Amino acid sequence: MATAAPAAEIELKLAWLTADSPTDPYAIAAHAFEDAIEAAMPGRVEVALFPNRQLGDDKEILEGLQFGTIDMGIITNAVVANIEPTYQLVDLPFLFGSAEQAHDMLDGPVGDQLAENLRQHGVVSLGAAEGGFRNMINNMRPVRTPEDVEGVKYRTMQNPVFIEMFSSLGGSPIPMAWGEVFTAMQQGTVDGLEIPTSVVNSNNYADVTRYLSFTRHTYSAIHLLMAERTFEGLPEDVQQAVLDAAEVAIEAQRTAVAAAEAEVVAALKAKGMEINDIEDVAAFRAKVGPVYERFEPTIGADLMQAALDAVAAE
């Protein structure tokens, strides 16, 4: 009779809020980390995956990391910024012209400073995976100019940068937890939301939303995080293996998400979404200038300038 394999010495619970889909960026990151750490530490470490809000929304997962009741989470930048305001930097609208610019900044000195700041809240940053650029989807009209945002009720994350951005564009931002959004779109409580394209597809928003406009207004970093209490409790060789596995996983995840993008767009078109680009990014940038001014004090002038310099150097 076959015997069950012995349990690993260390089990890490890893939670995120979206679907466990092969094209979902959170799920890709979770499985990539699971594969990397279990290959590096066979029999010593295994990862238990909790997708689709099984352990709560982002806010609850992040609180679990701070308390040490959840080992790991993959959490969008805007939610992390609610406990460490310097992360607001990453969500500034129209900051990055490409994913490569974002990667270079997040993997460099600016990203190191952000991680150091977050550690003061009991959370260890293992790196920033690829969420992709966030775009606007809605049922009112395509977004081609800033004026097309005016008067439209957009669900935003419960984060002041996003609320301020949509206000500056003349929209009507409605902060709302992720678990409520699909029903709100079905019922017309909100007209639209802003979301990475891959998440539109993996969470079936084409079923309830007509227009997708490639505004690429914010680069979505999704952070692979660990409870400091969990990390400090690991043997030193396992700590290093976790750091190494995270690096391997993030590189693999970024490649996979980029490769899936064309396939995702084709799938959304096939489901009937009307898709358009915006032509004049400068018009949008001009409108959101006040967002930078408002958040410079909480981000820090030096850190904001370092980020702007890093992007300009590309």
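Every value quoted in this text rests on a predicted model; they were computed, and no experiment measured them.
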Indicate yes or no for a side-chain donor-acceptor contact from D277 to the backbone of F214 under 3.5 Å, with no hydrogens or angles considered.
-> no
Would you say the side chains of S213 and T215 form a donor-acceptor pair under 3.5 Å?
-> no
For Y154, which residues count as a ring pair (Phe, Tyr, Trp, His ring centres under 6.0 Å) partner, sequence neighbours excluded?
-> F166
Shortest non-hydrogen contact between Q253 and P25, atoms and distance = NE2-O, 3.0 Å
Qualifying salt bridge (charged side-chain N to carboxylate O under 4.0 Å, His left out) pairs with a residue from residues 181-203, counting only residues at least two apart or across chains | R134-E194
With sequence neighbours excluded, give me every salt bridge (charged side-chain N to carboxylate O under 4.0 Å, His left out) pair touching residues 19-41.
-> none
Please output the side-chain donor-acceptor pairs of residues 120-131 that fall under 3.5 Å, not counting sequence neighbours, one pair per line with the distance.
residue, atom, partner, partner atom, Å
H121, NE2, I83, O, 3.2
H121, NE2, E84, OE1, 2.7
S125, OG, G127, N, 3.4
E130, OE1, H103, NE2, 2.4
E130, OE1, Y219, OH, 3.3
E130, OE2, G132, N, 3.2
E130, OE2, Y219, OH, 3.4

Apply side-chain contact (heavy atoms from CB on, under 4.5 Å) to A256 and list each qualifying residue two or more places apart in sequence or on a separate chain.
-> I28
Please collect all ring-ring contact (aromatic ring centres under 6.0 Å, His included) contacts where either partner lies in residues 167-191, sequence neighbours excluded, each pair once.
-> W178-Y205, F182-Y205
Residues 7-17, side-chain donor-acceptor partners within the protein, below 3.5 Å, at least two apart:
residue, atom, partner, partner atom, Å
E11, OE1, K13, NZ, 3.4
W16, NE1, T18, O, 3.2

Under the 4.5 Å side-chain heavy-atom rule for ILVMFWY, direct or indirect, which residues accompany F67?
-> none
Of the non-hydrogen atoms in T189 and I174, which two are nearest, and what is the gap between them?
-> O-CD1, 4.1 Å
Tell me, please, which residues at least two apart from D112 pass salt bridge (Lys or Arg N to Asp or Glu O under 4.0 Å).
-> none
Quick note, salt bridge (charged side-chain N to carboxylate O under 4.0 Å, His left out) partners involving residues 237-264, not counting sequence neighbours, are R44-D237, D107-R254
Residue list, ring pair (Phe, Tyr, Trp, His ring centres under 6.0 Å) with F50, at least two apart or on another chain = none
R155: partners by salt bridge (Lys or Arg N to Asp or Glu O under 4.0 Å), with sequence neighbours left out = none
Write down the atom of F33, the atom of A245, and the distance for their closest heavy-atom approach.
-> CE1-CB, 3.9 Å
Contact summary for I275 and L268, nearest pair of heavy atoms = CD1-CB, 4.3 Å
Non-hydrogen atoms of N203 and A19 that approach each other most closely = OD1-N, 3.6 Å
